[in-house]
Amino acid sequence: MTKSVRVRFAPSPTGPLHIGGVRTALFNYLFAKKHGGDFILRIEDTDQSRYVKGAEKYIIDALNWCGIPFDEGPDKNEKFGPYRQSERKGLYKQYAEQLIESGRAYYAFDTAEILDFHRKDHEVKGKTFIYNWHNRLKLSNSLSLSAEEVKAKLEAGENYVIRFKSPQDDTLHLKDIIRGDIKIDTNILDDKVLFKSDGMPTYHLANIVDDHLMEITHVIRGEEWLPSLALHYQLYQALDWEAPEFAHLPLILKPTGKGKLSKRDGDKLGFPVFPLQWEDPKTHEISRGYKEDGYFAESVVNFLAFLGWNPGTEQEIFSLEELIKAFDLNRVNKAGARFDPDKIKWFNHHYMQEQSNGDLAKAFKEEYPQLNDIDVNYIELVIGLVKERATFVSDFWDLSYFFFQAPKSYDEKASKKALKEDTKGILNSVLGLIDSTEEFTVEHLQTTIKGWITSNEIGFGKVMMPLRLALVGALQGPDVFDIMFMIGKVETTKRIHAIIDIL
């Protein structure tokens, strides 16, 4: 590549950043870093009626949490700033007027009522109203009116929009890195609005102008923008600018059924669709976030990378550095990628095992106030015994509560399985072995008790199941001898006595 790669992620601050937006940001980031380029954040807030307070901060916080921070953006390295479109509105009108002067755009004075009449009239006839070459000379615009009439309307302050003049009887030959060559018949294109009389551009014009002025080399965005590709290519041509390369990412689909992933799917099936928790500033409704639900950022990033992309190998676990090295837009699929809530849990389980026991112990202690008086070093040892069965920090209590408190009851099904007529005698014998054990270590306990079981030709289950039930309250948990060592000789003896008392 001859030019320095520059890509941008351009969300609208209309609410929390959807996980699909995070995937778009990630692919932009990976591509930029793969080619030694820059990743830019631009806030597209031209539609002030949909602006939501706090949304911009949320977007920035989400990118930072994921470990994919932008190189340039609002209040950061503003090389081509400002990076909020609402602060750039003075830039756009000159380009709209340039398009009018070159004959590639025109003023349109049609009222909302007139356009609505035409739409309904077409509906009655079973047609779709499209404002373009076949009817624009019959409508109120600078192509159908005289220069004097247009001047009079503008001077009178009549409302207008500036529309792009789509060509007639032409074929556009477009290229997309992911989708290949695309042909578009210009006769089916409508004359899109580029500029409104309130002084604000529409997305289409602002997007093109900003990408050009910010020297964007590659536009990597969602499939939903594919219908805009024809207009955007034509705008670059009309303004005599070199167009960037385009790549339209596949949709992220629902876990089951048809259609793209929505918040409703997450609410229904019990998983987040946002990276961070979000509180709606108007309704105060709280939406779950992956961070608050206990997912590691590495898990989310690794999972999202595989939604629509594959490395061409069997490898699934990638660090961010490995993703950057392996990422290639030519390996992004055209077809939609189905969202799998179980797969992201699988990733989280893997990254759980890679966390240090010390960090996990601190997180566990913070989440469970009942551990406040317990030494974090003890908690760290407990984590080491149970974390291979954990997916989230919130799993630790159910996996380890018996290290911190004696059973208050015994699982009924487990009791029927473990407690027999001779159990009391067996446990009293085990108590005798424990009482005579001076070296209370895992190895010594294991050798002593297992040796006694073997020499007395007792079934291991007849001893180990009631022993585990006494210590845990259920037939679960790590090795029995690990539990005994961790809770100590006094507590072990106390718990065995407690179950003997109820036999």
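In this chain, numbering begins with 1 at the start of the sequence shown. What's counted below: heavy atoms across the whole structure, side chains too, no hydrogens, waters or symmetry copies.
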Test side chain to side chain contact (heavy atoms under 4.5 Å, CB included) on F481 and M464; report intermediate values, then the result. CA-CA 10 Å; F481 302 108; M464 300 307 290; 3.6 Å; yes

Just to verify, which of F318, W309, F31 counts as forming a ring pair (Phe, Tyr, Trp, His ring centres under 6.0 Å) with F327? W309

With F303, the ring pair (Phe, Tyr, Trp, His ring centres under 6.0 Å) member among Y351, W346, F339, Y290: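 Result: among Y351, W346, F339, Y290, F339 is the only option passing the ring pair (Phe, Tyr, Trp, His ring centres under 6.0 Å) with F303.
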
Okay, side chain of [X], backbone of [Y]: is any donor-acceptor separation there less than 3.5 Å?
X    : Y    : result
E388 : L385 : no
D191 : S166 : yes
K450 : L445 : no
E292 : R288 : no
H35  : G37  : no
Y410 : P407 : no
D45  : Q85  : yes
T283 : E285 : yes
R468 : G477 : yes
N302 : S299 : no

Which distance, rounded to the nearest 0.5 Å, do you find between the [atom1] of [X] and the [atom2] of [Y]?
X    : Y    : atom1 : atom2 : answer
R221 : N28  : CZ    : CG    : 11.0 Å
T448 : E443 : OG1   : CD    : 11.0 Å
R331 : T313 : CZ    : OG1   : 8.5 Å
L475 : K413 : CG    : NZ    : 10.5 Å
E72  : E78  : CD    : CD    : 9.0 Å
E56  : I43  : CD    : CD1   : 4.5 Å

Looking at [X], I want to see if its [atom1] is surrounded by more than 12 non-hydrogen atoms of other residues, nucleotides or ligands under 6.0 Å.
X    : atom1 : answer
D373 : CG    : no
Q315 : CD    : yes
K93  : NZ    : no
Q94  : CD    : yes
D240 : CG    : no
K34  : NZ    : yes
K254 : NZ    : yes

Carboxylate-amine/guanidinium proximity below 4.0 Å for [X] and [Y]:
X    : Y    : value
K325 : E322 : no
R88  : E44  : no
E316 : K343 : yes
K334 : E223 : no
E366 : K362 : no
D190 : K192 : yes

Would you mind reporting whether [Y] and [X] have side-chain heavy atoms less than 4.5 Å apart?
X    : Y    : value
T24  : I220 : no
F195 : T202 : no
Y401 : V472 : yes
V209 : P201 : no
P272 : S287 : no
I182 : L229 : yes
F396 : Y368 : no
L189 : L231 : no

Non-hydrogen atoms of [X] and [Y] that approach each other most closely:
X    : Y    : result
H204 : L235 : O-CD1, 4.0 Å
P250 : A335 : CB-O, 3.0 Å
N333 : I178 : O-CG2, 3.8 Å
I40  : D38  : CD1-O, 3.9 Å
A297 : C66  : CB-CA, 4.2 Å
I374 : Y378 : CG2-CD2, 3.7 Å

Taking the ring of [Y] and the ring of [X], is the distance between their centroids below 6.0 Å?
X    : Y    : value
Y95  : W241 : yes
F39  : F70  : no
F392 : Y295 : yes
F402 : W397 : no

If you apply the rule side chain to side chain contact (heavy atoms under 4.5 Å, CB included), what do you find for L471 with T492, and how did you get there? CA-CA 7 Å; L471 300 173; T492 296; 4.0 Å; yes

Using the salt bridge (charged side-chain N to carboxylate O under 4.0 Å, His left out) rule, pick out the option among R8, K76, K33, K79 that qualifies with D71.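 For D71, the salt bridge (charged side-chain N to carboxylate O under 4.0 Å, His left out) check succeeds only for K33.
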
Between W65 and F296, does a ring-ring contact (aromatic ring centres under 6.0 Å, His included) hold up when you go through it step by step? CA-CA 9 Å; W65 178 71; F296 301 106; 9.4 Å; no

Criterion side chain to side chain donor-acceptor pair (under 3.5 Å) against D211, the qualifying member of H232, R42, H218, R6: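 The residue from H232, R42, H218, R6 that satisfies side chain to side chain donor-acceptor pair (under 3.5 Å) with D211 turns out to be R42.
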
Between K387 and N357, a side-chain donor and acceptor under 3.5 Å: yes

Y92 and D210 side chains, donor-acceptor separation under 3.5 Å: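 Short answer, yes.
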
Is the terminal nitrogen or CZ of K175 (NZ for Lys, CZ for Arg) located under 6.0 angstrom from the six-membered ring centre of F246 and within 45° of that ring's axis?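 No cation-pi geometry.
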
